[in-house]
Colleague: 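After the structure tokens below, expect a handful of questions from me.
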Amino acid sequence: MSSKVWEVHSASLGSTPVCITGSSYSWPCNAGQTIVGFLREYDLSGNQNGIFRYQNTSLNSPFNTLSVQISIL
């Protein structure tokens, strides 16, 4: 059985900064808060199933690369 891999860079809807308020993640961030991550949204309209894969490399040292994938049946 073969799986389709979606090219997510072409389906990106946006990116929302995430901060920590107390001991919980929160968004949108308030002025002065430190951004600890981003919520990424994608439009996969027209896709029935396959593997959704995302990878990103840090812009600062040590330039770590992390990835995640989910199989949608």
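Predicted, not measured: the structure shown is a model, and the values here were computed from it.
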Colleague: List the residues meeting side chain to side chain contact (heavy atoms under 4.5 Å, CB included) with Leu13, not counting sequence neighbours, and say none if there are none.
Modeller: Glu41, Asp43
Colleague: Table please: side-chain donor-acceptor pairs of residues 15-39 below 3.5 Å, with sequence neighbours left out.
Modeller:
residue, atom, partner, partner atom, Å
Thr21, OG1, Ser26, OG, 2.6
Thr21, OG1, Gln33, NE2, 3.0
Gln33, OE1, Asn30, N, 2.6
Gln33, NE2, Ile20, O, 3.3

Colleague: To the nearest 0.5 Å, what is the distance between OG on Ser67 and CG on Asn56?
Modeller: 10.5 Å
Colleague: Evaluate the criterion side chain to side chain contact (heavy atoms under 4.5 Å, CB included) for residue pair Gln55 and Thr65; output intermediate values, then yes/no.
Modeller: CA-CA 7 Å; Gln55 177 177 309; Thr65 298; 3.6 Å; yes
Colleague: Find out whether Phe52 and Gln69 are in side-chain contact, i.e. whether some heavy atom of one side chain is under 4.5 Å from a heavy atom of the other.
Modeller: no
Colleague: Starting at CG of Leu73, measure out to CD1 of Ile51 and round the result to the nearest 0.5 Å.
Modeller: 9.5 Å
Colleague: If hydrophobic clusters are built by linking Ile, Leu, Val, Met, Phe, Trp and Tyr wherever their side-chain heavy atoms come under 4.5 Å apart, do Ile70 and Tyr42 end up in the same one?
Modeller: yes
Colleague: Do Arg53 and Val68 have side-chain heavy atoms sitting under 4.5 Å apart?
Modeller: no
